[in-house]
Amino acid sequence: SDAKPGDRVQVLPGVYHEGSPGDLNALTIHSSVELVGVSTPGRPVVLENAGGQSFGIWVSPPDSSGAGPESDPEHPPCGISGATIHTFSLSGFTVRGFAVHGVHVACIDGLTLKDNVADGNRVYGLFPVVSRNGVISNNEVMNTALDAAIYVGQSDNFLINGNRVHDSLLGIEVENSRNCVLVSNEVYGNAFGIFVDVLPFLLRETQQRTFVAFNHVHDNNRANTAEMEDPLSVLPPGIGILLTGADTTTIAMNRVTGNQFAGVGVANVCLAVTLLGEPCTGLNIDPNPDGNHIEGNFVHGNGSVALPNPLLNALRADFAWDGTGSGNCWKQNSFGTSVPPALPACP
């Protein structure tokens, strides 16, 4: 993009093909700008894959993109210089049909993604990583086949609210991040609803202080289309909310219904690793979920479909906990079934 720092760029309705077929990114932005799609009902602003493009909108410092290690989408070094872009905003856009990410945003302080549609982007829809002080609000994200529709990774202080997320492998994922809030989202028709998790061997090594409240998470029973080497591939579809290795999460006042394996699950990272047939050793993280509070939720009609794997079938319930970690507790929830039958009560 030729936009200068601080520019507000308004785009009129229409279908746009930026760059050339085969380019890595359709649109690349390296500065602080506000990009506004002036969409009206029936007349959207659409950025569409021109052919063979991997990323729709790529936003990062100039030396966080390219052909070398700086382009690794999950391990961005924020530029060889350690640079950060101060503020970026995207609103009113439909980003459609990209092979990897619809919107990839790295190394931003002050991010806003609101009132957008991300449709049919293959790996991730909206993907902010190694960023802080962000808002992801009132977007619709769907048809993300291989991973999360909305992903926040290795980031701090994000609000994810009012989004509608459906028909993807995973609805919303917050990974290796701190102080994130997920409120009033509707998440349905995915294989998995909301995941809060920690993974090894990333730049940030903890997942802490997440607040998940007032979300409607229902009927996430889509087929699991994860690639074989992905840990997600070993999980049965039908999970509403899952904490894996996450610490100090509050899950409160959510409505979680109709997920065929588990409504709300709490588990050790090693569960998926073991199901993959790999040893859970040499990790640079604490794989246990600790200090999580699950309070005041309505969790009914989950865990309704039997599974051939006895280990997994034994966890099938509205509330499922594999017994790992310390300080996890449940309080004043409305639910039908739980594993174990008696869950630790919050003080």
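Because only heavy atoms are used, hydrogens play no part in the values below, and waters and symmetry mates are left out as well, while side chains stay in. Starting from 1, each residue takes its place in the sequence as its number.
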Engineer: Say whether Asn139 and Asn163, considering side chains only, have a donor N or O and an acceptor N or O under 3.5 Å apart.
Structural biologist: yes
Engineer: Hey, does the side chain of Asp322 reach the backbone of Thr324 with a donor-acceptor pair shorter than 3.5 angstrom?
Structural biologist: yes
Engineer: Determine the sole option in Val123, Leu24, Val95, Val103 for which the side chain to side chain contact (heavy atoms under 4.5 Å, CB included) test with Phe55 is passed.
Structural biologist: Leu24
Engineer: Would you kindly confirm whether Val256 and Met253 end up in one hydrophobic cluster when ILVMFWY residues are joined by side chain heavy atoms under 4.5 Å apart?
Structural biologist: no
Engineer: Could you work out, with salt bridge (Lys or Arg N to Asp or Glu O under 4.0 Å) as the rule, every residue matching Glu48, not counting sequence neighbours?
Structural biologist: Arg96
Engineer: Taking only residues at least two apart or on different chains, which pairs with a member in residues 163-184 satisfy ring-ring contact (aromatic ring centres under 6.0 Å, His included)?
Structural biologist: His166-Tyr188
Engineer: Is Ser39 reaching over with its side chain to a backbone N or O of Gly92, donor-acceptor style, under 3.5 angstrom?
Structural biologist: yes
Engineer: If the test is side chain to side chain contact (heavy atoms under 4.5 Å, CB included), which one of Ile172, Ile150, Asn161, Ile136 qualifies with Leu182?
Structural biologist: Ile172
Engineer: Starting at OG1 of Thr28, measure out to CD of Glu18 and round the result to the nearest 0.5 Å.
Structural biologist: 10.5 Å
Engineer: Please collect all ring-ring contact (aromatic ring centres under 6.0 Å, His included) contacts where either partner lies in residues 241-266, sequence neighbours excluded, each pair once.
Structural biologist: none
Engineer: Only pairs at least two apart or in different chains count here, so list each disulfide bond (SG atoms under 2.5 Å apart) that has a residue in residues 188-253.
Structural biologist: none
Engineer: With no hydrogens and no angle check, is any side-chain donor or acceptor of Asp247 less than 3.5 Å from a backbone partner on Thr206?
Structural biologist: no
Engineer: Judged by atom type as modelled, is there a donor-acceptor pair below 3.5 Å linking the side chain of Thr144 to the main-chain atoms of Asp147?
Structural biologist: no
Engineer: So, taking the atom named OG in Ser91 and the one named CG in Leu113, what distance separates them when rounded to the nearest 0.5 Å?
Structural biologist: 9.5 Å
Engineer: Using only atom types and a distance under 3.5 Å, with no angle test, would you say the side chain of Asn215 pairs donor to acceptor with the backbone of Val217?
Structural biologist: no
Engineer: Students often mix this up, so state it plainly: with edges at 30° and 60°, are the rings of Trp330 and Phe319 parallel, tilted or perpendicular?
Structural biologist: perpendicular
Engineer: What disulfide bond (SG atoms under 2.5 Å apart) pairs are there with at least one residue in residues 268-320, not counting sequence neighbours?
Structural biologist: Cys270-Cys280
Engineer: Does any N or O in the side chain of Asn221 come within less than 3.5 Å of the main-chain N or O of Gly258, such that one atom is a donor and the other an acceptor?
Structural biologist: yes
Engineer: For the residue pair Ser89 and Thr112, confirm or rule out a side-chain donor-acceptor distance under 3.5 Å.
Structural biologist: no
Engineer: Sequence neighbours left out, what passes ring pair (Phe, Tyr, Trp, His ring centres under 6.0 Å) with His216? Give chain and number order.
Structural biologist: His218
Engineer: Mind checking whether Pro21 and Gln53 have side chains closer than 4.5 Å, heavy atoms only?
Structural biologist: no
Engineer: Which side chain to side chain donor-acceptor pair (under 3.5 Å) pairs, counting each pair once, include a residue from residues 223-245, with sequence neighbours left out?
Structural biologist: Arg222-Thr225
Engineer: Check which hydrophobic residues are tied to Val117 through side-chain heavy-atom contacts below 4.5 Å, counting indirect links as well, and list them.
Structural biologist: Met142
Engineer: Sequence neighbours left out, what passes salt bridge (Lys or Arg N to Asp or Glu O under 4.0 Å) with Arg164? Give chain and number order.
Structural biologist: Glu140
Engineer: By the disulfide bond (SG atoms under 2.5 Å apart) test, which pairs, at least two apart or in different chains, include something from residues 119-153?
Structural biologist: none
Engineer: Partners of Asp290 by salt bridge (Lys or Arg N to Asp or Glu O under 4.0 Å), sequence neighbours excluded?
Structural biologist: none
Engineer: Can you name the closest pair of heavy atoms from Ala83 and Cys107 and give their distance?
Structural biologist: O-CB, 3.9 Å
Engineer: Give the C-alpha distance, both sets of side-chain angles, the deciding distance and a yes or no for side chain to side chain donor-acceptor pair (under 3.5 Å) between Thr87 and Ser32.
Structural biologist: CA-CA 5 Å; Thr87 74; Ser32 171; 2.6 Å; yes
Engineer: Hey, what's the ring geometry for Tyr124 with His101, parallel, tilted or perpendicular (30° and 60° as the breaks)?
Structural biologist: perpendicular
Engineer: Please say which of Asn220, Asn185, Val187, Val174 ends up in a side chain to side chain contact (heavy atoms under 4.5 Å, CB included) with Ile194.
Structural biologist: Val187
Engineer: Tell me if a side-chain donor or acceptor on Glu34 pairs with a main-chain N or O of Arg8 at a distance below 3.5 Å.
Structural biologist: no
Engineer: Once rounded to the nearest 0.5 Å, what's the spacing between atom CZ of Arg178 and atom OG1 of Thr248?
Structural biologist: 10.5 Å
Engineer: So, Asp156 versus Asn179: side-chain donor-acceptor pair below 3.5 Å or not?
Structural biologist: no
Engineer: Is the number of heavy atoms from other residues, nucleotides or ligands under 6.0 Å of Arg209 CZ greater than 12?
Structural biologist: yes
Engineer: So does Gln154 get a backbone contact from the side chain of Ser177, meaning a donor-acceptor N/O pair under 3.5 Å?
Structural biologist: yes
Engineer: Under the side chain to side chain donor-acceptor pair (under 3.5 Å) rule, what pairs show up with a residue in residues 295-316, not counting sequence neighbours?
Structural biologist: Asn254-Asn297, Asn259-Asn302, His293-Glu295, Asn297-Asn333, His300-Ser334, Asn302-Asp318, Asn313-Arg316
